[in-house]
Structures are given as structure tokens and as C-alpha cells.
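Contents: one structure, followed by commentary.
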Protein chains: 2
Amino acid sequence: MTHINQNSLTEQEFLAQYNPGYYPRPSVAADMVIFTVGSAPEPNYRKLPEKELRVLLIRRGGHPHLGKWALPGGFVRPRETVGEAALRELREETGVESAYLEQLCTFSEPDRDPRTWVMSCAHMALMDGEGIQLSAGDDASDARWFRIKYTLLEESKTVSPSGSTCTQLWQLELTEGDTVLFAKVRQTSGQQGDEITLTENDGLAFDHAKIIAYAIHRLRNKVEYTDLALNLMPERFTLTELQQVYEVILGEPLYKAAFRRKIKDLVRETGEYIENAGHRPSQLFRRYWEESR
Amino acid sequence: MTHINQNSLTEQEFLAQYNPGYYPRPSVAADMVIFTVGSAPEPNYRKLPEKELRVLLIRRGGHPHLGKWALPGGFVRPRETVGEAALRELREETGVESAYLEQLCTFSEPDRDPRTWVMSCAHMALMDGEGIQLSAGDDASDARWFRIKYTLLEESKTVSPSGSTCTQLWQLELTEGDTVLFAKVRQTSGQQGDEITLTENDGLAFDHAKIIAYAIHRLRNKVEYTDLALNLMPERFTLTELQQVYEVILGEPLYKAAFRRKIKDLVRETGEYIENAGHRPSQLFRRYWEESR
DNA sequence: CAAATAGTGTCTTTAAGACATTATTAT
DNA sequence: ATAATAATGTCTTAAAGACACTATTTG
């Protein structure tokens, strides 16, 4: 059946004569929070190195926020989805063709970019960072992995007649060599949904501290009930390494026996063992979804 | 300190001379999946009415998709956030000033709107629908609550060397009076993150069936570990009603004793009781965050 | 052997699942 | 009385928390 509108046009005719007009439109960028886990320098010959959660940042080589550190990202182009734009950015920055990718949230405060109206559709990617050759994109001068420290400073509960809200103040510290970036974010969970606001910011461009905080919350939350942490592991890993990854994301120690019970269906034995550690060798495991061979 | 870029401009000078240029930009719409729970007509005088999950749809009064049913939504304007645009739309359509609101995902397939490049930043709102006067917006001819039926038709697991994927085929049926809208969506959960594709669609405009399916998944998931279902309740409710809401969202029956143990900290007794039911009266409860009086 | 980590066993605690029983109401 | 729902008790099952113990390795 063919529908006719008030001006007696069919849909084909309507689309043929359609003029998008001059409504103002935003630019839309796909920004990437790329997480990896790496090892801190080994303390002594038989101790295991500590794991650290890292995020990829790029030093801005142009205005605005010249010299500040920013998330990799770029504008979405006409014939692609935001996810495709994010993947393109991932490839350009890390050379990696595919990785776990998840859309997070679209950040749209009108003045988040001083140039013009730019929304950011933020994504999170997880990968094993060992052996990745970082290459900075066009308008970037430098790309680096920053070590993440994210701690709860303060928590308070306010009860008002219209509802109660829980406010948390978090501190974000990103370190790479001598460079330390610093931010504080306030998170309020109320009845109209959650919100994050930036209360302090030193060294990070735009609202990227807020986006990183949002991503860390998502990661912490999902690590507890999904298998997404496996995407941060190399092909072969020990269960202690996997546990360290869970611990560094959650920011708390876990019991070994309970942890192994919990993740036993997510991994498969390989029969291979670590060698030349100053202690009993541990077995290497692989992800459950990668078939043995 | 003042940074100077390659053209020796300060940030102020740079912004003053900045010209956004003619990169193509998308329109960005905020679309709303507004959920309510209502009672089916009471079967007999002493039986409790069944609850049903409902979503608000608007009949399109113009091209494209003339006559089809669509989610309420509108374009984001220059000095507002997508969340503000969503709230504006909620107000226009329902008259409700505030409700639980959560951003879901930005849908950006380039051809999702036949007119031009339009992204949809989808939101979910939860409210008690009793006593809401629906008023259709400008380009809409009719606004109605549709009863949701969402069922799993098929599930399969594929293991390939590059990873295993789990595919589910879901059927969405939306009913209001004699109008039945119908769609099927395929959901794949793999290692590159999840994806939803529309495989069949009858009566719904654009990719809105996909957005509704996405919202139902989010709702089902979050109902299990948050208190968001309370936002669907009126000020006073019985525990059986609350349980029915959980059941209609999850699509499965729950054990009464276990349910009450689980939600006991989310509600407060009021001491008031239902009257004139053909059975033992049940106590009315309120949400934990609304103070007693 | 000493200093590490690997890998398990097991007891306790808590939460969820599955019924069953008793209590109240309006007709 | 009867047909409903309300409210709670309790036994079972499963998962998580908390330790402790034994097994291997290399300098």
C-alpha cells in the first residue's frame, strides 16, 4: 500500500524533494578509552611483577588544549557508524585490527569543546598491550600508555524529601615516566539516573578525565559478571596473572581458591608450564573460546 | 603558562580565528523508550489483574514511514545536552516533568533514516503510567501505550577458530487494541562486543524495533542488580504488585519468599492496607528513598 | 635449604531455590 | 464455607568467603 501525506506526495516523491535545511548540526567524534594491563618492573629475580591497568593517551600537538593529553579519537565520517570510526582510530593508533570494543556513552555538554559544537561518542577497547608498537596519528605528537590509579576519596548519602542521593568523590591519577595527570570526579547516583561531574583537572584535555572515569566504572562493573577481562590477556597466561588483572581492575585483593572456582569455565588448560621462575612452575591457560591445538 | 602552536597563535587567538569548515555533520536525535507497567483488565472480582510492560509509541503523521509507529524523539538543539533533549521530549509527550532517565546507546547506521544522515542517541525512561494524559507532539498524529511481548525463539552457539559466538533470535510483539506490531531481532554476543540486527519488521518506523529490543535487554539486565524497577511503581504499592513487575520484566515467575528477602531493603512499610479485595488485605509499601510521613 | 609461588582441600557463611503452612478477607 | 491472596517458616542447594596445607621450583 502507498501512503500519501498532506501534500499528496508518496514517500519516494517526498524523499526526492527532501531538503535537510539549515538546522545547526553537531560534529560527532568517536573517542576511545583503550585499556591494557602491563607489568610493573620486576622487583627481584623470584618475585612476580605487579600488574597495572593502563590507558592510551595522546599528547595534543595543536590547539585547543595544546600540550595536554587526550584520548585517541576522530570525527565520524558520513558513510560509517561510530563503531567503525572508533575501530579506524584504534587501528591508526595501535596498528591492531580488532579488539574487544564497546560503546560507552555519548557526552554532549554544549561547551565540552571550545571550538564548536562537538559531541563525543565514547568507546572502550580492551587489548593485550605487550608487543604493540604505538604510532601517533596526524594531529598528535606523542602516544603513551599511562598507569591508572583510581581511588575513592569520600562517600556521602543525602536524604531529602524528593529522594536520596549517594555522592562519591573519586581521584584519578595517570602516570607515565615523570608525567602525572590528575583529576577528581564527583559521581551522584540518584533517582533520575547517575551523573558524573569533573571537579578538578590537571593535564587532561577536554572532558576526557570524565570519560576515563566513566569507562573505569563500566569496566569494574562488568568484570564481575562477564568474561570481558579475558580480552586484556595474552594468548597464554597463568591463573595468577588473570587474578592480578581482576584485582587491579577491582582495586581489591581476591581469595585464590574462590577466584579459581569462579573463572574455571572461562579458561582451558594447555599443559604447558612457565619455566625458570625461582619457584614452582605454573601452568599456562588459554581463553575458553580459543580452540586448542 | 601560555602555549603557542605552529602558527604562533595562543589558544585565545586560535579560537577567535577558528572556522569549523564544511565537514559534513550528522543530525543527532534523542529518542526515548518510555516504559510503564499497567494492569490488564481484571478477570473477575477477586482475582488480581495481571501486569503488563508497556512502551509509548507515536503514530507518524508525515513522511518518512507515514502511518508507522515510532519512538518519541526529536533533534538535539545547539545549547542543550542529549539528556536535556530527551527530557524535553518526555515532557511534551507525557506532561511528566521528571522520571528515571538513562542513556542507552547511540545508533548510527548511515542509512537508518532515509532522509539524511541522522544518528539516534537512545534513552530509556521509567515511570508509573497511571493517570498520565498522553498528548501527541507536533508531527505526530497519535500517542499510545503498547503492550510488550518479547520472547526468545532460538538460541545457538557457534565455535570457530577465531572465537565462539552466541546467537539469539528474539521476537518482539507490540499490541494496542487491534494494532499489532511485529519484529524479530538477532543478537550476537561475540568477542568483539555485542550486536543487534533487525531481521523482520512490520509496523515500526526506522530502526526503532532494534532500539526497543536493546532497551528491553538493558532493563532485564539491570532489574536484577539495581533498584530501577521501583521507578515503575506508584507511590504506594503491594509487594505482590512489585513482584509482578519484576516477573513481567524478566519474563519468568519468581518465588515469593525469596523475592521478599531480596527486595526487603528497597521498600518501607506504611501500615496502610488494601481494602475490599475478596481476600486477605495486603500492606502498602513505599520506596526506600521516599521518607515516611 | 630457603624463598617464592602453585595448586587444593575444607570449613564457614551467606544467598537463592523450592515448598509448605498459617492467616485474613468479601461474598 | 470458599476462593482467593498475604505473609512467613524452614529445609535444601549452591555459591562465596576465609584459611590452611601440601607441592615444586631455582639459586
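First the proteins, then the strands, lettered A, B, ... as listed; each starts at 1.
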### Query
If each of B:G278 and A:L48 is mapped to the nucleotide of DNA chain C with the nearest heavy atom, which maps nearer the 5' terminus, i.e. the 5' end?
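So the residue in question is A:L48.
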### Task
Would you sort out whether B:Y246 and B:F259 count as a ring pair (Phe, Tyr, Trp, His ring centres under 6.0 Å), showing the intermediate values?
CA-CA 9 Å; B:Y246 273 74; B:F259 176 76; 5.1 Å; yes
### Message
Is it the case that over 12 heavy atoms from other parts of the model lie below 6.0 angstrom from the CD atom of B:E275?
### Response
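Counting neighbours around CD of B:E275, 12 or fewer heavy atoms of other residues, nucleotides or ligands fall under 6.0 Å, so no.
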Would you kindly give the [atom1]-to-[atom2] distance between [X] and [N], to the nearest whole Å?
X	N	atom1	atom2	answer
B:K264	D:dT8	NZ	C1'	13 Å
A:R46	C:dC1	CZ	C1'	10 Å
B:L284	D:dA6	CG	P	11 Å

Look at the side chain of [X] and decide which nucleotide, out of [options], has an atom nearest to it.
X	options	result
B:Y255	C:dT5, C:dA18, D:dA4	C:dA18
B:R260	C:dA26, D:dC19, D:dA7	D:dA7
A:S282	C:dG7, D:dT25, D:dT26	C:dG7
B:K47	D:dA4, C:dT5, D:dT26	D:dA4

Looking for any heavy atom pair under 4.0 Å, which part of the strands does [X] touch: base, sugar-phosphate only, or nothing?
X	result
A:L239	nothing
A:T240	sugar-phosphate
A:Q283	sugar-phosphate

### Query
Closest nucleotide of DNA chain D for A:A277 versus for B:A257: which of these residues is on the 5' side?
B:A257
### Task
Name the residue closer to the 5' end of DNA chain D, choosing between A:R261 and A:P281 according to the nucleotide with the nearest heavy atom.
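The residue whose closest nucleotide sits nearer the 5' end is A:R261.
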### Message
Is the shortest side-chain heavy-atom distance between B:Q283 and B:E269 below 4.5 Å?
### Response
yes
### Query
CD of A:E272 to OG1 of A:T238: how many Å apart, nearest 0.5 Å?
13.0 Å
### Message
So, under a plain 3.5 Å distance rule, would you say the side chain of B:K256 forms a donor-acceptor pair with the base of D:dA7?
### Response
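Such a pair exists between side chain and base.
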### Message
With a 4.0 Å cut-off on N to O distance, would you call B:E290 and B:R268 a salt bridge?
### Response
no
